[in-house]
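Residue numbers count from 1 along this sequence. Every value quoted in this text rests on a predicted model; they were computed, and no experiment measured them.
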Amino acid sequence: MSERCELSDLLVDQCACRIHNPPAWQQPVTIVARFDARFDSECDNCGNWMSEGDPIARTQDGDYICSGCAS
């Protein structure tokens, strides 16, 4: 018998709840570089504002993300 989700009572492989299919900003990312931002922008992962000089990271997908998402 397959495992069921406690939140939706669906089979885990069919479930899209916050546990079994978290939003993109909660999914793990692969970091390829870390550096300070050269200009103000928005995090490609969570949408938080990143100011010039803030520590940021570049992901394997080419996105620039805030230090919170890179942790």
Going by side-chain contact (heavy atoms from CB on, under 4.5 Å), name the residues that satisfy it together with Leu10, two or more places apart in sequence or in a different chain. Ser8, Cys15
Value for CH2 (Trp49) from SG (Cys43), rounded to nearest 0.5 Å, stands at 12.0 Å
Taken to the nearest 0.5 Å, the spacing of Thr59 OG1 from Asp44 CG works out to 7.5 Å
Count the heavy atoms belonging to other residues, nucleotides or ligands that lie under 6.0 Å from CZ of Phe39, then report whether that count exceeds 12. no
Going by the rule side-chain contact (heavy atoms from CB on, under 4.5 Å), which residues pair with Gln60 if we only count those two or more places apart in sequence or in a different chain? Thr30, Val32
Return a table of donor-acceptor pairs under 3.5 angstrom between the side chains of residues 63-71 and protein atoms on other chains or two or more places apart.
residue	atom	partner	partner atom	Å
Ser71	OG	Ser67	O	2.9

Shortest non-hydrogen contact between Leu11 and Arg4, atoms and distance: N-NH1, 3.8 Å
